Amino acid sequence: MCSIQIEPVIETQRLRLRRPRTADAPRVAKLLNDRDLARMTPSVPHPYGLEDAQAYLAQVDDADPDDRAMFVIDHPEQGPIGVVGFDSENGRAEMGCWIGRPFWNLGFATEAAKGALVWAHKDWKRRYVLARHFSDNPASASVLCKSGFLYTGEVRLSPSAARGEAVPSRMMVWLA
Ligand SMILES: CC(C)(COP(=O)(O)OP(=O)(O)OC[C@H]1O[C@@H](n2cnc3c(N)ncnc32)[C@H](O)[C@@H]1OP(=O)(O)O)[C@@H](O)C(=O)NCCC(=O)NCCS
């Protein structure tokens, strides 16, 4: 039997969120090879090369779509500017996001996160989504608050590949 897989695309006011492609690797590698960006994420090492991006994109491609949904954030003139997505553990989806440094503080992460959350509720049928930010990352705190996340009050130690140590992280939840 032949089944057609419909690829989710999310349109926001200025952005298009689409499934990652192998061809995104050079751009992803270029934007992620940034120490200040990497140290605010759990899993991006520093330095970050083309092979890292290729391995990451292959992993995304292989993932079970019920557990993982990643979107490249495409700008109509600039091309890919970042990634937003969800990973699940024990059925609980958690959102993560990064934007390349040349595009910071233009509202793109907030716009992408809001679009992805609508998709997570309407199409992915999630009733809530978790998120966390390192305690020393006020930009991420701002994005998550503006996107409608609330603090749970829990602080967990989360790994940071670029720092090589665990970092206190503030847990948040978004209710559909
Ligand atoms: C966090 C990140 C995703 C924000 O992306 P962005 O597109 O710049 O986000 P937005 O423009 O939507 O919002 C940024 C907000 O942070 C605020 N901000 C930025 N730097 C700040 C700082 N040092 N202190 C306080 N607020 C800060 C901005 O003022 C803005 O808030 P405002 O609109 O209320 O003024 C981006 O900086 C990034 O990718 N950082 C590295 C990776 C990361 O932290 N990912 C998130 C955790 S996994």
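None of these values were measured; they are calculated from a predicted model. As the structure lists them, so they are numbered: ligands from 1, and atoms in each ligand from 1.
Within a 6.0 Å sphere centred on CD of Glu11, heavy atoms belonging to other residues, nucleotides or ligands number more than 12.
Side-chain contact between Pro168 and Leu157: present, with at least one pair of heavy atoms (C-beta onward) separated by less than 4.5 Å.
Between Ser158 and the options Arg170, His133, Arg132, a side-chain hydrogen bond (donor to acceptor under 3.5 Å, both in side chains) holds for only Arg132.
Listed by first then second residue, pairs satisfying side chain to side chain donor-acceptor pair (under 3.5 Å) with a partner in residues 28-38 read Asp34-Arg101, Asp36-Arg101, not counting sequence neighbours.
Closer than 4.0 angstrom to ligand 1 lie heavy atoms from Leu37, Met40, Thr41, Cys97, Trp98, Ile99, Trp104, Asn105, Leu106, Gly107, Phe108, Ala109, Thr110, Asn137, Pro138, Ala139, Ser140, Ser142, Val143, Lys146.
Ring orientation note: the planes of Trp174 and Phe149 are tilted relative to one another, at an angle of 30° to 60°.
Cluster annotation: Met70 and Phe108 are assigned to the same hydrophobic cluster (Ile/Leu/Val/Met/Phe/Trp/Tyr, side-chain heavy-atom contacts under 4.5 Å, transitive).
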